[in-house]
Amino acid sequence: MVGGETVEVTIDEVEAYCGKDDPASHAFRGRTDRTAPMFGQPGTIYVYRSYGIHWCVNIVAGAEGVAQAVLIRGGLVTKGLATAVARRGRSDHVADGPGKLSQALAIDGSMSGSEVGIGDISLQLHAGQPIPYVTTPRIGISKAKERPWRFLTADR
DNA sequence: CAGCGGATCGCCT
DNA sequence: GGCGATCCGCTGC
């Protein structure tokens, strides 16, 4: 991990995962040690490892015990670009994917279960202006493919 | 207790 | 556009 100034991104792509009603959700089969943060209160961070290599970040959005969360899939770096580039090891494709965004923000599994805005290495969320967006099916899943629960900015 | 599939990425063609 | 890397949790034997 590479330290440095605060990195800020404007999120432009997310997906919704809806607990027990959603076969594609890690929480679908109930609570395990790994998925316990998904069942926490809103604002809880759930980080999982993907393909044995990457870290992916979710923010719990539903009530405690419900396990509804938002996967942060991509964003544009608006501050701390040099730090983000150093962490990524390249100057392009800095945060345009869930694993890439996590690496740019120096988020890893040790943050799973903590809460937004709390901790030495904290993840802050700020509301932005409403913007046009489109919905599509979610990416890379094999179950519940028909649900249009991927949300991304319209201007791309 | 072993096998397998995955909410991905980067490099090669 | 296609494929190999890489490892952990869950499922099934």
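No hydrogens, no waters, no symmetry mates; every other heavy atom, side chains included, goes into these values. Naming convention: chains lettered A, B, ... in sequence-line order (proteins, then strands); numbering from 1 in each chain.
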Round to the nearest Å and state the distance from A:Ile72 atom CD1 to B:dT8 atom C1'. 16 Å
So A:His26, base contact, sugar-phosphate only, or nothing? Heavy-atom distance under 4.0 Å. base
Using the side-chain contact (heavy atoms from CB on, under 4.5 Å) rule, take A:Val9 and A:Thr78 through it: C-alpha gap first, then chi angles, then the decisive distance, then the call. CA-CA 5 Å; A:Val9 301; A:Thr78 55; 5.6 Å; no
Could you tell me whether the side chains of A:Gln103 and A:Arg87 share a donor-acceptor contact shorter than 3.5 Å? no
For B:dG10 and A:Arg88 - does any side-chain N or O of the residue sit under 4.0 Å from the phosphate oxygens OP1/OP2? yes
Taking the side chain of A:Ser142 as its heavy atoms from C-beta onward, which of C:dC8, C:dT6, B:dG6 lies nearest to it? B:dG6
For A:Met38 and C:dG9, give me the distance from atom CE to atom P, rounded to whole Å. 15 Å
Give a yes/no verdict on base stacking between C:dA5 and A:Tyr51: centres under 5.5 Å, planes within less than 30° of parallel. no
Atom CD of A:Glu13 and atom C1' of B:dA7 are separated, to the nearest Å, by 11 Å
Expressed as a whole number of angstroms, how long is the span from A:Phe28:CZ to C:dC10:C1'? 14 Å
Under a 3.5 Å cutoff on both atom distances, Watson-Crick or G-U, what's the dot-bracket for DNA chain C ([ ] crossing, | other strand)? |||||.||||||.
Mind checking A:Ile141 for me? I need base, sugar-phosphate or nothing, with any heavy atom below 4.0 Å counting as a touch. sugar-phosphate
A:Tyr17 OH to B:dG6 P, in whole Å, measures 12 Å
Identify the two heavy atoms, one from A:Val94 and one from A:Ala84, that lie closest to each other, and give their separation to 0.1 Å. CG1-CB, 3.8 Å
Roughly how many Å is it from NE2 in A:His54 to P in B:dG6, rounded to a whole number? 15 Å
Would you mind classifying the nucleic acid contact of A:Asn58 as base, sugar-phosphate or nothing, using non-hydrogen atoms under 4.0 angstrom? base
If you compare every side-chain N and O of A:Arg29 against the phosphate oxygens of C:dG9 (OP1, OP2), does one of them come in below 4.0 Å? no
From B:dA7, C:dC8, C:dC10, pick the nucleotide closest to the side chain of A:Thr32? C:dC10
Minimum heavy-atom distance between A:Pro37 and A:Ile45, given as atom pair plus value: CB-O, 3.7 Å
With ILVMFWY side chains joined below 4.5 Å, transitively, what does A:Phe39's cluster contain besides itself? A:Tyr17, A:Met38, A:Tyr46, A:Tyr48, A:Leu71, A:Ile141
Could you check whether A:Ile139 gets within reach of a base, just the sugar-phosphate, or nothing at all, counting any heavy atom under 4.0 Å? sugar-phosphate
Which nucleotide in the set B:dA7, C:dC8, B:dC9 lies at the smallest distance from any side-chain heavy atom of A:Arg49? C:dC8
Side chains of A:Gln124 and A:Glu8, donor plus acceptor under 3.5 Å: no
A:Asp22 CG to B:dG6 P: how many Å, rounded? 15 Å
Shortest side-chain distance from A:Ile53, nucleotide among B:dC9, B:dA7, C:dT6: C:dT6
Identify the heavy atoms of A:Arg138 and A:Glu15 that sit nearest to each other, and give their distance. CA-OE2, 3.4 Å
A:Leu71 has an atom CG; how far is it from atom P of B:dG6, in whole Å? 16 Å
Ring centroids of A:Tyr48 and B:dA7 base under 5.5 Å with planes under 30°: no
Verify the contact: side-chain N or O of A:Arg90 to OP1 or OP2 of B:dC11, cut-off strictly under 4.0 Å; return yes or no. yes
With a 4.0 Å cut-off on heavy atoms, is A:Arg138 in touch with a base, just the backbone sugar-phosphate, or nothing at all? nothing
Grab the two heavy atoms, one from A:Pro42 and one from A:Gly62, that are nearest each other, plus how far apart they are. CG-O, 3.2 Å
